[in-house]
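Okay, so here's the structure we're looking at.
Values below: all heavy atoms of this structure, side chains included; hydrogens, waters and symmetry mates excluded. Sequence lines set the chain letters: A, B, ... in the order given, protein chains first and strands last, and positions in each chain run from 1.
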Amino acid sequence: MIKIKEKSIQWREGMTVADLLKDLDDPQHYAVVKINDKYISRPDFKKTMIPDNSEIFLIPMIAGG
Amino acid sequence: MAEYENLRELKTISYKRPTIKKGYANQFLCIDISDLDISFKQVTEEIKSTFVGGKGFDLWLLWNAVKKTTKWNDPENAICIASGPMGGTPTFPGSGKSIVATISPTTESVMDSNVGGYFGPYLKFSGFDALEIKGKSSKDVLIFIDGIDQKIQIFEAVELSEESYDLSAILTEQFGKGKPRNISVVSTGPGAKHTLIGCLNFTWYDSKRKRVRYKQAGRGGIGSVFADKGIKAIVARWDDVTLSSNNPADVDLIKDVGKKYSREIVELDPKQNEMSRIGTTHLVTIMNDYDLLPTKNFQYGRHPEAANVGAEVYRRIFDKGYDGCWMGCTVACAHGVKDFVPLTGPYKGKKVFVDGPEYETIAGCGSNIGIFDPFTVVEINFYCDAYGLDTISVGTSIAFVMECFERGLINESNTEGMDLSFGNRMNALELLHQMAGGEGFGTIVGQGIRKMKTIFARDYGADADILRDIGMESKGLEFSEYMTKESLAQQGGYGLALKGPQHDEAWLIFLDMVHNFMPTFEQKAEALHWFPMLRTWFGLCGLCKLPWNDIVPEDNKDTPEPAKVMKHVQWYTDYFSAVTGKQKAPDDLIHMSETVYNFQRIFNLKMGFGRREHDTIPYRAVGPVTVVEYESRQDRYDKQLAEKHKIDIAGKGTDEKLKLLRKFREEQYEKLKDAVYKRRGWTNDGIPTINTVKRLNIDFPEVLEVLKENGIQ
C-alpha cells in the first residue's frame, strides 16, 4: 500500500509517479511530488518507480523565490 | 570608566516614546552623523495613506533627502530602514521584516532590500516608523536606539571587531544588560568597506541556542554605503513584544487569522516544501530537474552533481531546532550549520555557526561557479556574512569572472596568477578574502559586473560585445539565481524590476514555462502587473512573502486563480484591516502597492534612469549566447525555430540558427515591454503617464516636475 492525502492506495509492481497521477485523475498540474523525503520533478515522473509503503505528497509548485 | 567597552560617547538625547497606535509610531527618527544632529519628523495621515509604511516610508524619506545629482557616497545620500504597520506582530508568520533603501553604488539609483531579524519591529516599538541616516563621519560611529530607557546615543567606536560575526555578538552582550533578546544589531564588515557589493547583517537572538543569528539585506551594495558613511553599527533595544504592542484596532481578529495561518503552516509545510526543516534548499534539485539551475554563469541549467548541494545533503548538515527569524513564525526557514570549521581565512580551524545557506547562496556560490561541494558553499556563505558581502552579487560576479577566464577574455596576468576556472574552490575563497581585504584582483571583482565589464574591455582588451552578452547584470545589479532563457515572463520579471534583476518582484518561471498559464503577451503583462504589486505590498507592511505562496491551502488548486492563493490574500487583507482599522478589500492591496511602485519608477527617472533603455537585460538571460549553449538544448531551440517562427532549418548550421533565434527572442522581449508598459499605465518609453500619477494620487508638484523634465505633461 502507499499513502497519499491521508488515504491508502494499492501499490503495484512497476508503478511510476506518472501512473499514480493518472490513477488519481487529479486535474492539478503537479510539477513536483515528494516520495517520503525525496523530491521528484515532472520530467522524471515516467521513469520514477514508487516503492511499496511509500508516503506521497503532491506539491503545488507555484512558489519559489 | 566608560559605560561600554570600546565606545566613547559623542552625543546622548532623551526622548518621550510615543504610544504605538494601530501599527504606527507616527514619527521618523532622522540622524545626520556629519554633525551628530538627531531630529524627529511627524508622520502625517497623508504620508501613511500614500506610502503605507516599510519601503514606502523609506522612499519618501530618501526622495526628500537626495537631489537628482546625488551620488551614492555623497553625504546627503540616506540609508533608510523601516518596518511597517503589521511589523512586530508576534506569532503571525513572517511579521518581522525590515526594508532598507538607499542610492546604490552599483546602480546609482534607488535600491531596496528586505531582511528578517528583530531590528525593524524594535525600532518601531522604540517610537519610530522609520530611521533615516544621512551624513558621513571620519570616525567609526555607533548609533544606539534605546526604546526602554528612551534615549538615542551616538558613540565613537574604537578598535571594535571588523567582522560582523564577532561585532554583533559583542554588541549584543554589551547592550543587552543580561537580556540579549532585547537587542538587534545592524552591521557590516570589511568587505563592504572595500567593495561596492556590501550587505547589511540584521540580528536576532536565538534564545535556545544562546547565540546571535543573522539575516542579510544583501542587494545593491547598501552595506557599502553604510561603511562609507563610517557607521560601525546600529543597535536597537526593546523589551517584550506582545500582540498588543502594535495597539491594533482589532486584536481578536489578528489572533483568529494568525492562529489559522500558523496552524495551516504547521499542518501543510511538512507535506509541501518543508521550509521549517530544509529552508529553500529543496529548490536546488527541482531547478536542476527542470534545466533551470544556473550553472557556470547561467550557461546551463543542470549539472550531474547538483544533488550534492541539494536538500538531502543540507537536511543532514543543518542544525536541528527552531529557526524562525521572527518570534513565533511557523515557516521558520532560517537554518544554519553548527560547529562548522572553515578551511581558510581568519576563522580557519575555529568552530563557527553559519546562518545559511539558502537556495540563492547555493546556486550563486555553488552551481553557478561550478562548485558542488556543500561545505565550500557553507564556507563562502560564512565569509560573505562575516565580511558583509552579498552572496548573490559575489556568486554572480565570480561566475562572470570564471567564464571570462575560461574564454581567455582575462588571464592570469590580470588575476595576479590565480587560476579562476569554474570549480576552483580554493581560488574562489581566496578571491573572497581579497575582496574583504581590498587586495589583489578581488578589488576589481568587488566593483560588481557592470564596472568589471568596463575594466576588462578598457584595460585588458576583452571583447566588449561578449562581455555585454555574458555579464549577468541589469541596471547595475547582478542577477539573482534563476535561469530565464526559456521563460519570457521571467525575463520581464527581472528586466522590468525597479531596482534590477532580483526575484522579489516576480517569480513566474513555473507558471510561464512549466504550466504555460500565460501564453499571450497580454497574460504575461497582467502577471507582470499583479504579482509585482502584491509582492511589493509585503514590503510596505513589514511582512515576509514566503507564507503567502510557499505553503498553500489544500483546496487552493480548486480556486479560479490558484497562482494568486487568494485565500491567503484575504487573510492578509483582514490582517491589515485588523491592525490599522482601515477596512480594505484584496484589490486595495494592489492599489496601495501601485502607488509606491509608480513613485519608485519616477524616483528612478529623477536619478537619470527609469526609461525603456534601462530595462535592457543581457542576451544570456534571453537565449543561448554561444554555439555550445545552443547545442546543449538543440532540440528545444530547433523546434522553436521551426514551429513557432516557421523557419526551415534544414541545412542551417548552428551559427546561423543562433542568430535567427536571437533576433526572434530579442523582438519578443521588446514586445513584452510594450505590453507591460501599457498594462502599468506607462508610456512606450516606460514612464508613468500623468493620468496614472493622478489616479494614484502621487501628482505632487515635485513628481510632476520630474515627469515634465522627461517630456511627460
Kindly list each side-chain donor-acceptor pair under 3.5 angstrom involving residues 302-313 of chain B, sequence neighbours excluded, with atom names and distances?
| residue | atom | partner | partner atom | Å |
| --- | --- | --- | --- | --- |
| B:R302 | NH2 | B:D289 | O | 3.2 |
| B:H303 | ND1 | B:E305 | N | 3.0 |
| B:E312 | OE1 | B:R315 | NE | 3.4 |

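Using bins of under 30°, 30° to 60° and over 60° for the plane-to-plane angle, the ring pair B:W530/B:W548 lands in the tilted bin. Between B:H568 and B:Y261, the ring-plane angle classifies as tilted under the 30° and 60° cut-offs.
Taking the six-membered ring for Trp, B:F510 and B:Y290 have ring centres closer than 6.0 Å.
Heavy atoms closer than 4.5 Å to chain A are found nowhere in B:L508, neither backbone nor side chain. Using a 4.5 Å cut-off between heavy atoms, A:D37 touches chain B through backbone and side chain atoms alike. Proximity to chain A (any heavy atom under 4.5 Å) is shown, for B:E481, by neither the backbone nor the side chain.
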